[in-house]
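No hydrogens, no waters, no symmetry mates; every other heavy atom, side chains included, goes into these values.
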Amino acid sequence: MTTPEPHSPKPENSTQASAPHNALEAAGIDAAAMSYPHNPDFDNGRWFPTWRPYGGDLDRDPVGINEYLPPAKSVLLGVQHTFAMFGATVLAPLLMGFDPNLAILMSGICTVMFFMITGGRMPSYLGSSFAFIGPVIAVTAYAGVGFNNNLNVALGGIMACGIIYALIGLLVMKTGTGWIERLMPPIVTGAIVMIIGLNLAPVTIQGVSANQFDAWMATLTVLLISGVAVFTRGMLRRLLLLVGLILSYIAYFVMTNVLGYGVPIDFTSVSAASWIGLPSIHSPRFEMSAIILIAPVAFILVAENLGHFKAVEGMTKARVTPYMGRAFFADGLATTFSAGFGGTGVTTYAENIGVMAVTKVYSTTIFVVAGLVAILLGLSPKFGAIIQTIPAALLGGASIVVFGLIAIAGAKIWIDNRIDFSKNSNLIIAAVTVIMGTGNFSLHLGGFDLGGIGTATLAAIVLNALFNRQKD
């Protein structure tokens, strides 16, 4: 579904609103979102939008949020989103000593929950959040290898964080997003989106640079995914990550298991795993010391997801900002639910937003399929074992593409909102935020580590408040 270009917003940082816009904000409707064209199917006044079958050309026309594709294409695109989230959703629990299979299962359930609570209006996948890693390790004194023996204490803190986050969502649903928009205008959200991609770049590059063979295989993965994106058409182009990973997996298998180069793929765990089985469930234990350290992550998730949602709005040209309160509430509730059974805290995934950016398929029904696929993965140790045989070099190559797309999505927010970089205030906000986030500059507030993204986000908000004060 094609839509006309949005009306050109005012330059600078879009914080200066006209009187009608102020009236809209007072009514709880975001002024920036109103610049996008009205879609009666999407803004129909009901909990769910009016669903329509997609009737465009996949080579030319994007697939709208409230449009759906035929079942076969939906399944393929859903599997691709599952692949996109898999590396990070498995890596985060491993770094904290959680059960990765349970994390996959919870991510699928939470994604379906998110779809229902947001009314299918916010195309997002919920996966394991990296924002919890530092606080969880600090609380549990996890050594970094094997199962986390103090997991229950961390789960209590994560549940408390999810409850706070859900309460923030209810507040936004009641008061509107105007106050968040004033705190985080496009100059800020664009920078936050950019650093979400750039902050993980050093870890990704280091992960594929252990030896020259892995570096070359990661490069081959980047080239194959890029080749699919540029030289193919139609449905094949929309499946660039899935097709690129399959091609690179075949190439890696031939190079290692057949020709003897590098470390061969080990299928021992696949043959040993059962077809169906439930992962281990763990109960939370609430301790105030852990809650104090982990609960403030809620505010990092608000900032991170605001950037994600603004990126989605910029890509889809749909007015999703008025439904941001629902999204915060859904993410908070999902985090509480996941931790209640022993899973990680969850968040909307930039990796899947990167997939949307390149495929132009924004239908939320695709994410329901992705969630159901993840649930099947979580309930099948054998299938999970197969996916885990994907070499780190190939996942790293795919991450290079995806994280790069996320960073560019941040720049696109600046371009779409015509940020005036002739103003020193905007230059300073963007420059300081990007370098802090990319360099992983971290501040500590008491015993709480803000992390690189959290520190850069706080810096962006404070600098914007100081240098871009709204004029009457």
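- The main-chain N or O of I163 is found under 3.5 Å from a side-chain atom of T336 such that the two form a donor-acceptor pair.
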Report the C-alpha separation of V355 and Y125 in whole Å, then their side-chain angles, then the decisive distance to 0.1 Å, and conclude whether the side-chain contact (heavy atoms from CB on, under 4.5 Å) test is met.
-> CA-CA 11 Å; V355 172; Y125 189 95; over 6 Å; no
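- Here the straight-line distance linking atom CZ of R121 with atom CD1 of I65 works out to 9.5 Å at 0.5 Å rounding.
- A donor-acceptor contact closer than 3.5 angstrom is absent between the side chains of T348 and S124.
- Within the 3.5 Å criterion, the main-chain N or O of L69 finds a donor-acceptor partner in the side chain of S74.
- Using a distance-only test at 3.5 Å, with no hydrogens or angles considered, a donor-acceptor pair links the side chain of T364 to the main chain of G120.
- Ring geometry for F114 versus F309: interplanar angle under 30°, hence parallel rather than tilted (30 to 60°).
- The shortest heavy-atom contact between M356 and V312 is CE-CG2, 4.0 Å.
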For N152 and L155, run side-chain contact (heavy atoms from CB on, under 4.5 Å): C-alpha distance rounded to whole Å, both residues' side-chain angles, the deciding distance at 0.1 Å, then the answer.
-> CA-CA 5 Å; N152 294 356; L155 294 176; 4.3 Å; yes
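- With hydrogens and angles disregarded, a donor-acceptor distance shorter than 3.5 Å links the side chain of T438 to the backbone of V434.
- Side-chain contact check for T50 and N66: no donor-acceptor pair (N or O, by modelled atom type) lies under 3.5 Å.
- Residues A154 and T140 share a closest heavy-atom pair of CB-CG2, 3.7 Å.
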